[in-house]
Amino acid sequence: MYSRIAGTGSYLPAKTLTNQDLAQKVETSDEWIVSRTGIRERRLAAADETTSDLAFKAVERALAAAGKTVEDIDLLIVATTTPDSVFPSTACILQDKLGVHGFPAFDVQAVCSGFIYALATADKFVQTGAAKCAVVVGAEKLSNIVDWNDRGTCILFGDGAGAVVLTASEEPGILQTRLRADGRYRSILKADARLQGGEISGNPYIYMEGNAVFKFAVRALADIAVETLAAAGLEKSDIDWLVPHQANLRIIESTAKHLHLSMDQVIVTVDRHGNTSAASIPLALDEGIRSGKIQRGQTLMLEGIGGGFAWGSALIRY
């Protein structure tokens with residue numbers, strides 16, 4: 001038994017924050033941001049919009065695309081770094097908002113690789129027969145943990161949500177997944193705040209050593225892509241589309257080059273979405289499908305890397 005993507009959906013908040021807007025708050029410019037990241041704008045959730053609110057709208061659209069209803073769901077996994085609360089999980093809150101209950105619902109926290117971790121987990125549930133219709137969500141309200149006075153990080157991040165519906169199939173869908181982590185690098189990308197005695201201890205904002213993150217990401221993503229292809233018995237030339245984590249255009253270009261793919265074979269949304277962490281891959285996937293670029297039967301390489309360091313890949317026959 002295999003799991004296949006039956007439908008995708010996404011949601012972006014209404015408010016757009018451009019580079020020009022940021023240039024009025026911190027010492028930066030549109031040219032500087034675009035040349036280093038490829039980002040031109042990002043979306044910000046409203047003050048009263050929660051991560052589960054964003055996720056809810058993405059799930060609604062994914063279910064509609066799959067021809068499923070909330071009653072069909074028997075597994076719900078939410079990948080997020082910015083949950084509604086310490087607990088209950090955002091997945092349990094989302095389950096309640098969807099108006100269903102009884103099946104497993106839980107969060108996965110692997111930052112920007114969270115969606116790949118969640119997808120790989122759901123795939124195993126479906127393969128073993130423990131689930132027949134799994135909903136996997138990547139949702140973030142990163143604006144909650146961005147220091148808007150730090151020009152090194154405030155230019156990068158945005159809010160949004162993406163979702164996929166996985167159903168059981170006798171035809172291969174998810175061909176291979178690979179997950180990796182290395183906690184030795186946890187200090188170069190982090191938000192290490194914690195609740196202690198009713199107060200916040202540590203830094204509640206995103207901290208990043210940009211050059212160190214870039215170097216690690218380029219190497220790790222290239223290696224895991226090759227490993228995943230080898231496990232599936234496929235070649236680089238078999239990939240129709242690369243759907244990468246949308247963190248930095250230069251990292252995306254480097255990964256595509258290593259896989260011998262032209263940028264015409266890469267789904268790019270970082271220019272309009274910024275880095276939406278766990279939401280970025282499902283957001284890009286949904287856009288690629290709804291735009292008509294990604295077609296049924298094509299082979300996709302999904303991969304992402306984030307704080308932890310944690311990274312992963314999924315090779316998919318769509």
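Please read these numbers as outputs of a predicted model, since none were measured by experiment.
Considering all non-hydrogen atoms of both residues, Gly102 and Gln95 come closest at N-NE2, 3.9 Å. Contact record, Leu17 with Lys25: CD1-NZ, 4.3 Å, taken as the closest heavy-atom pair. The minimum heavy-atom distance between Gln176 and Ala232, with the atom names listed, is CG-CB, 3.7 Å. Counting all heavy atoms, side chain and backbone alike, Cys133 lies closest to Thr167 at SG-CG2, 4.4 Å. Considering every non-hydrogen atom in both Ser277 and Leu142, the closest pair reads CB-CD1, 3.7 Å. Heavy-atom minimum distance, Leu300 versus Leu302: CB-CD1, 3.8 Å.
Around atom NZ of Lys236, more than 12 heavy atoms belonging to other residues, nucleotides or ligands sit under 6.0 Å away. For Phe214, the CZ atom sits in a packed shell: over 12 heavy atoms of surrounding residues, nucleotides or ligands are nearer than 6.0 Å. Taking a 6.0 Å sphere around CZ of Arg186, one finds it holds 12 or fewer heavy atoms contributed by other residues, nucleotides or ligands. Under a cut-off of 6.0 angstrom, the local environment of NZ in Lys124 is crowded, with over 12 non-hydrogen atoms contributed by other residues, nucleotides or ligands.
A cation-pi contact, defined as under 6.0 Å to the ring centre and within 45° of the axis, is absent between Arg42 and Phe157. Because its NZ or CZ atom is both nearer than 6.0 Å to the ring centre of Tyr207 and within 45° of the ring axis, Lys190 counts as a cation-pi partner of that residue. Cation-pi geometry between Arg178 and Trp311 is not met at under 6.0 angstrom from the ring centre and within 45 degrees of the axis.
Inspection of the Asn248 and Thr37 side chains reveals no N or O donor paired with an N or O acceptor under 3.5 Å. Using modelled atom types, one finds a donor on one side chain and an acceptor on the other under 3.5 Å when comparing Thr81 with Glu140. Residues Asp159 and Ser143 have side chains that bring a donor and an acceptor to within less than 3.5 angstrom of each other. With hydrogens and angles left out, the side-chain atoms of Ser10 and Arg61 include no donor and acceptor closer than 3.5 Å. Glu209 and Tyr185 share no side-chain donor-acceptor pair at under 3.5 Å. Gln298 and Arg296 form no side-chain donor-acceptor contact under 3.5 Å, judged by distance and modelled atom types alone. A donor atom on one side chain and an acceptor atom on the other are found under 3.5 Å apart for Thr299 and Arg317. Of the N and O atoms on the side chains of Ser313 and Thr228, at least one donor lies less than 3.5 Å from an acceptor on the other residue.
Salt-bridge formation is not detected for the pair Lys15/Glu41: no Lys NZ or Arg NE/NH1/NH2 atom is positioned less than 4.0 Å from an Asp or Glu carboxylate oxygen. A salt bridge links Lys97 with Asp53; the closest basic N to acidic carboxylate O contact falls under 4.0 Å. Salt bridge absent: Glu31 and Arg36 never bring a charged side-chain N and a carboxylate O closer than 4.0 Å.
Cluster membership check: Tyr117 shares its hydrophobic cluster with Val164, using side-chain heavy-atom separations under 4.5 Å among Ile, Leu, Val, Met, Phe, Trp and Tyr. If you chain together hydrophobic residues whose side chains sit under 4.5 Å apart, Leu234 and Met301 fall into the same group.
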Go through the steps to decide whether Arg194 and Glu199 satisfy the test salt bridge (Lys or Arg N to Asp or Glu O under 4.0 Å), and finish with yes or no. CA-CA 8 Å; Arg194 56 199 173 276; Glu199 297 181 353; over 6 Å; no
What do the steps show when you test Arg151 against Glu27 for side-chain contact (heavy atoms from CB on, under 4.5 Å), and what is the final call? CA-CA 7 Å; Arg151 71 169 188 162; Glu27 186 180 346; 4.3 Å; yes
Take Asp240 and Gln265, measure what side-chain contact (heavy atoms from CB on, under 4.5 Å) needs, and give me the verdict at the end. CA-CA 6 Å; Asp240 294 302; Gln265 293 173 275; 5.6 Å; no
Would you sort out whether Met208 and Ile188 count as a side-chain contact (heavy atoms from CB on, under 4.5 Å), showing the intermediate values? CA-CA 6 Å; Met208 184 177 71; Ile188 62 176; over 6 Å; no
Verdict with reasoning, Leu166 to Leu119, per side-chain contact (heavy atoms from CB on, under 4.5 Å): CA-CA 9 Å; Leu166 290 183; Leu119 188 69; 3.8 Å; yes
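Using a distance-only test at 3.5 Å, with no hydrogens or angles considered, a donor-acceptor pair links the side chain of Asn19 to the main chain of Ile39.
Taking the six-membered ring where tryptophan is involved, the planes of Phe216 and Phe309 are perpendicular, since the angle between them exceeds 60° and thus also 30°.
Results of the side chain to side chain donor-acceptor pair (under 3.5 Å) test with Ser52 over Asp84, Thr90, Thr80 single out Asp84 as the only residue that passes.
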